[in-house]
Number of protein chains: 2
Amino acid sequence: MDILFVDRLLQIGDLFQRDMARAFAGTDLTPTRVHLLWVLQHSGPSTQQTLATLCEVTPRNITGLVDALERSGHVRRTPHPTDRRAVLVELTDDAKATMARMQEEHAELNASLLEAVAPEDRPALERGLTAVATHLERLVHAATNDTAPATPTTPPTPTAPDTPATP
Amino acid sequence: MDILFVDRLLQIGDLFQRDMARAFAGTDLTPTRVHLLWVLQHSGPSTQQTLATLCEVTPRNITGLVDALERSGHVRRTPHPTDRRAVLVELTDDAKATMARMQEEHAELNASLLEAVAPEDRPALERGLTAVATHLERLVHAATNDTAPATPTTPPTPTAPDTPATP
DNA sequence: TATTGTTATACTCTATAACTATA
DNA sequence: TATAGTTATAGAGTATAACAATA
């Protein structure tokens, strides 16, 4: 084998990010904003506090994202029926259609990726990835919560090193 | 199976990012800066133009990153021996040591992840991931270069949808 | 004239802290 | 008093465009 196992995983993560960035280029959408739309699609109309929790960002950040998505016509702020401090953020009909399409394409991507793998390798692949995810989750959790000695580290996208310099 | 194959891959990518963010929290380092250090470690002293190409960002961006890394003592700007317009950016001794340690830990992480997978599943896992990476690379390339009809899309971290809202 | 790096400007994502309006 | 959302401020990453010094 030529490439480290962990580097292959990092490479795949990187390719996903490129694919996303490319898909939204030229629109008002960004990966972060689409993430919020995605959350909204699954949670239904929600307060900004709820969205902040689900997206794991600060409420202040949600304000900005919702501002942008409201300007671009993807979401709407409506008054909360019982709490006059709060607002409900909800998808517009256009955005609902967009997200439904996106979810379909997501399923298609899933199918096309699976097809790229030899059928007899698929079970082991799924088992292996599950094991890796579990292991990683334990690592991150251990380091984050348990005030552990912070075992470093994963270098960001260490892909393609051996390119020569130009000095 | 409960979770989509593609979602498992996205989840793993997300966990890697969390691990990184956590590892550098509280230092002057960030994932982007470490990426630049990583590139420097493999390319050796390089001009900022070269770094811009290798990191796939604009030269202007490299100026800012090198400024920050120079302030924190990780890199040094030295005059280019033959071209007085250019500078060579190189790692300080401290940073060299840091990066060597990071590379070791990277190898250790690779080993610990492999150990988490049943030995009989490893060959299929590696074959499967290679196939997935190849497929993804073709998708991204096709869409990026060949002015293709831009097949969308991968939603960003669609993990954990079924959390109820708070309206 | 073309290239290297920088200044100038701007936008997105992110965070903390202080403030307003409501519970 | 506590909560929901906002304003104010700040820093990181990113980009384009204009400009300097040098090839």
Side-chain angles (χ1 to χ4, degrees), chain A residues 14 17-18 20-22 24-37 39 45-72 74-89 156-157 165-167, chain B residues 14 17-18 20-22 24-37 39 45-72 74-89 156-157 165-167:
Chain A
D14 191 56
Q17 286 183 225
R18 283 168 197 265
M20 270 188 308
R22 171 194 62 68
F24 310 136
T27 75
D28 333 43
L29 291 180
T30 64
T32 308
R33 290 175 193 174
V34 173
H35 183 203
L36 181 47
L37 294 180
V39 166
S46 312
T47 66
Q48 297 190 181
Q49 287 291 335
T50 302
L51 295 175
T53 304
L54 293 176
C55 293
E56 300 182 79
V57 296
T58 59
R60 175 60 184 91
N61 206 338
I62 295 293
T63 298
L65 294 171
V66 171
D67 283 351
L69 287 168
E70 205 172 34
R71 272 195 302 272
S72 58
H74 290 94
V75 306
R76 200 184 305 123
R77 275 189 248 238
T78 64
H80 191 289
T82 68
D83 188 339
R84 288 198 307 178
R85 294 170 304 178
V87 299
L88 287 182
V89 182
T157 317
T166 321
Chain B
D14 192 55
Q17 286 182 225
R18 283 168 197 264
M20 270 188 308
R22 171 195 61 70
F24 310 136
T27 74
D28 333 42
L29 290 180
T30 64
T32 308
R33 290 174 192 174
V34 173
H35 183 202
L36 181 47
L37 294 180
V39 166
S46 310
T47 66
Q48 297 190 182
Q49 287 291 335
T50 302
L51 295 174
T53 304
L54 293 176
C55 294
E56 299 183 81
V57 296
T58 59
R60 176 58 184 92
N61 207 338
I62 296 293
T63 296
L65 293 170
V66 170
D67 284 351
L69 287 168
E70 206 172 32
R71 273 195 301 272
S72 58
H74 290 93
V75 306
R76 200 183 306 122
R77 274 190 247 238
T78 64
H80 192 290
T82 67
D83 188 338
R84 287 197 307 180
R85 295 170 306 180
V87 298
L88 287 182
V89 182
T157 317
T166 321

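Reminder, nothing fancy here: chain letters follow the sequence lines and each chain counts from 1.
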I need the [atom1]-[atom2] distance between [X] and [N], as an integer number of Å.
X: D67(A); N: dC11(C); atom1: CG; atom2: P; value: 15 Å
X: M20(A); N: dT12(C); atom1: CE; atom2: C1'; value: 15 Å
X: H35(B); N: dT14(D); atom1: NE2; atom2: C1'; value: 15 Å
X: Q49(B); N: dA23(D); atom1: CD; atom2: P; value: 15 Å
X: E56(A); N: dA15(C); atom1: CD; atom2: P; value: 10 Å
X: Q17(A); N: dT12(C); atom1: CD; atom2: C1'; value: 15 Å
X: L51(B); N: dT14(D); atom1: CG; atom2: P; value: 13 Å
X: N61(A); N: dA4(D); atom1: CG; atom2: P; value: 17 Å

Counting the atoms with a prime plus P, OP1 and OP2 as sugar-phosphate, which does R33(A) contact under 4.0 Å by heavy atoms, base, sugar-phosphate, or nothing?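 Sugar-phosphate, no base atom in range.
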Have a look at I62(A) and say if it touches a base, only the backbone sugar-phosphate, or nothing, with a 4.0 Å heavy-atom cut-off.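 The residue I62(A) makes no contact with any strand.
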Among [options], which nucleotide has an atom closest to any side-chain atom of [X]?
X: A86(B); options: dT22(D), dA23(C), dG5(C); answer: dG5(C)
X: L65(A); options: dA23(D), dT6(D), dT14(C); answer: dT14(C)
X: R60(A); options: dA15(D), dT6(C), dA15(C); answer: dA15(C)

Under 4.0 Å from OP1 or OP2 of [N]: is there any side-chain N or O of [X] that close?
X: T63(A); N: dT6(D); answer: yes
X: R84(B); N: dT4(C); answer: no
X: T58(B); N: dT14(D); answer: no
X: R77(B); N: dT6(C); answer: yes
X: T30(B); N: dG13(D); answer: yes

Let me spell it out: for each of V57(A) and T82(A), pick the nucleotide of DNA chain C with the closest heavy atom. Which residue's pick is nearer the 5' end? V57(A)
Considering only NZ, NE, NH1 and NH2 on the basic side and carboxylate oxygens on the acidic side, decide whether R77(A) and E70(A) come within less than 4.0 Å.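 Answer for the salt bridge query: yes.
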I'd like to know if R18(B) pairs up with D14(B) as an ion pair, taking the criterion as any Lys NZ or Arg NE/NH1/NH2 lying under 4.0 Å from an Asp or Glu carboxylate oxygen. yes
Exercise: identify the closest heavy-atom pair between D28(A) and R33(A):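 Closest approach of D28(A) to R33(A), heavy atoms only: O-NH1, 2.6 Å.
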List the atom of T27(B), the atom of L29(B), and the distance in Å for their closest heavy-atom pair. OG1-N, 2.9 Å
Is R85(A) side chain donor-acceptor paired with the dT3(D) base, going by distance under 3.5 Å alone? yes
Between T50(A) and T53(A), a side-chain donor and acceptor under 3.5 Å: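 Short answer, no.
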